[in-house]
Amino acid sequence: MTKTEKYETLVDELGALLAETDDLTANLANASALIASRFHAFSWVGFYLRKKEELILGPFQGLPACVSIPLGRGVCGTSASRKETLIVPDVHLFPGHIACDATSRSEIVVPLIHDGFVVGVLDVDSHDIARFDAVDQIYLEKIAAILVKKAF
Ligand code: SME
């Protein structure tokens, strides 16, 4: 199965999972578990949710992570303040990268935007260099949009 086919299947499955409840925690928890279970090269998949000027750790799959990230800091905070997806092929080369897991090497962060306001981010890490590309961006942005519409 190609990566595109895997994501297409995942998006369908996510739709079915989200149909069960409007609860934010339940839906973000199942979304992170679904993505992590389909892509074993992803070492961490989860959400940070905005509380005032900080992003606070939300539902995730992976090792315990940093609890709070100020807007504008790290990859997550930069993505949130710029309101754009960031793909970081080598986290060692990203100034200000926050290393929750020292073995993480690449990362993609997609902002969750509701009515023009950033309500959180979807963050995915990998132990591999340059794991993420435009296909990941397209589908993770699609997943983020589905979640925002359903859960916020
Ligand atoms: N690396 C992120 C921090 C979150 S962890 O990757 C789970 C960052 O620089 O914002």
Side-chain angles (χ1 to χ4, degrees), residues 3-4 6-7 10-11 13-14 17-18 23-152:
K3 185 155 74 171
T4 299
K6 273 170 122 175
Y7 271 119
L10 191 159
V11 166
E13 288 172 325
L14 181 64
L17 277 175
L18 297 183
D23 185 82
L24 177 65
T25 305
N27 284 332
L28 297 186
N30 263 342
S32 63
L34 185 63
I35 298 166
S37 71
R38 292 298 183 276
F39 292 96
H40 297 294
F42 297 175
S43 54
W44 198 93
V45 180
F47 297 90
Y48 281 87
L49 299 175
R50 183 167 183 179
K51 297 226 169 91
K52 298 184 179 163
E53 295 311 300
E54 284 191 320
L55 296 168
I56 304 294
L57 184 63
F60 69 94
Q61 295 279 306
L63 291 175
C66 326
V67 170
S68 101
I69 299 173
L71 290 184
R73 295 279 304 279
V75 186
C76 291
T78 304
S79 166
S81 59
R82 288 191 197 161
K83 293 188 184 178
E84 66 185 31
T85 296
L86 291 183
I87 294 178
V88 180
D90 184 347
V91 297
H92 292 174
L93 302 179
F94 186 94
H97 168 256
I98 299 166
C100 298
D101 172 358
T103 61
S104 171
R105 289 309 306 272
S106 59
E107 179 162 8
I108 182 169
V109 179
V110 177
L112 306 179
I113 301 173
H114 180 63
D115 288 343
F117 183 79
V118 175
V119 291
V121 298
L122 166 57
D123 179 18
V124 183
D125 294 344
S126 176
H127 292 141
D128 305 332
I129 287 194
R131 169 56 58 186
F132 305 103
D133 60 18
V135 173
D136 297 289
Q137 177 169 355
I138 288 166
Y139 281 97
L140 293 174
E141 286 180 350
K142 192 169 189 170
I143 290 164
I146 291 168
L147 288 167
V148 165
K149 195 169 170 196
K150 176 71 184 181
F152 288 89

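For ligands, and for the atoms within them, numbers begin at 1 and follow the listed sequence. Side-chain atoms are counted along with the backbone in the values below, which use heavy atoms only and exclude waters and symmetry mates.
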Completion exercise
Between Leu17 and Asn27 the two heavy atoms that sit nearest each other are O-OD1, 4.2 Å
Practice task
Among Leu55, Val121, Leu112, Leu24, find the residue that satisfies the side-chain contact (heavy atoms from CB on, under 4.5 Å) test when tested with Phe47.
Solution key: Leu112
Completion exercise
salt bridge (Lys or Arg N to Asp or Glu O under 4.0 Å) pairs touching residues 113-131, sequence neighbours excluded, are Asp128-Arg131
Problem - Centroid-centroid distance, Phe60 to Tyr48, less than 6.0 Å - result: no
Exercise for the section: Mark yes or no for whether Ser81, through its side chain, and Leu71, through its backbone, hold a donor-acceptor pair below 3.5 Å. Expected result: no
Exercise for the section: Please check if the side chain of Ser79 supplies one atom and the backbone of Glu84 the other of a donor-acceptor pair under 3.5 Å. Expected result: yes
Per-pair distances, ligand 1 N/O vs protein N/O, less than 3.5 Å:
residue: ligand 1; atom: 1 (N); partner: His97; partner atom: NE2; Å: 3.3
residue: ligand 1; atom: 1 (N); partner: Ile98; partner atom: O; Å: 2.7
residue: ligand 1; atom: 1 (N); partner: Glu107; partner atom: OE1; Å: 3.0
residue: ligand 1; atom: 1 (N); partner: Glu107; partner atom: OE2; Å: 3.2
residue: ligand 1; atom: 6 (O); partner: Asp123; partner atom: OD2; Å: 3.3
residue: ligand 1; atom: 6 (O); partner: Asp125; partner atom: OD2; Å: 2.7
residue: ligand 1; atom: 9 (O); partner: Val75; partner atom: N; Å: 2.9
residue: ligand 1; atom: 9 (O); partner: Ile98; partner atom: N; Å: 2.9
residue: ligand 1; atom: 10 (O); partner: Val75; partner atom: N; Å: 3.0
residue: ligand 1; atom: 10 (O); partner: Cys76; partner atom: N; Å: 2.8

